[in-house]
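Before any comments, here is the structure.
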Amino acid sequence: MAKCQTCGGKGSVKCPKCKGAGRHGDGGFIPGGTKQCDNCHGSGVVKCGVCHGKGYV
Ligand SMILES: [Zn+2]
Ligand SMILES: [Zn+2]
């Protein structure tokens, strides 16, 4: 077992869809307001796809 280099052992990575903001809107995704990111559900982070959330590989 080795620590996952992608997430640094945390098991989660910054959401690529909202870039860690947890919502869309400021960048112009949704005209007229913000919307919770449906990829990370507003948390701004998603489970690491390399280690599947375990933090090690
Ligand atoms: Zn997101
Ligand atoms: Zn990982």
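Whatever order the structure lists them in is the order used to number ligands and atoms, beginning at 1.
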* Rounded to 10°, how many degrees is the angle SG/C18-the Zn ion (ligand 1)-SG/C37? ->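 Between SG of C18 and SG of C37, the angle at the Zn ion (ligand 1) is about 110°.
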* Just wondering, do V13 and V45 contact through their side chains at under 4.5 Å, heavy atoms? ->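 Counting from C-beta outward, V45 and V13 never come under 4.5 Å.
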* Asked: Any side-chain heavy atom of V46 within less than 4.5 Å of one from K14?
  -> no
* **the Zn ion (ligand 2): angle it makes with SG (C7) and SG (C4), nearest 10 degrees** => 100°
* Structure fact -> For C18 and G44, the nearest pair of non-hydrogen atoms, with its separation, is SG-CA, 4.4 Å
* Asked: What are the two closest heavy atoms between G9 and K3, and how far apart are they?
  ->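 Smallest interatomic distance, heavy atoms only, reads CA-CG, 3.5 Å.
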* Using 2.8 Å as a strict upper limit, say whether an N, O or S atom of C15 approaches the Zn ion (ligand 1) that closely. => yes
* Asked: Do any of the N/O/S atoms of H52, backbone or side chain, fall under 2.8 Å from the Zn ion (ligand 2)?
  ->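 So H52 does not count as coordinating the Zn ion (ligand 2).
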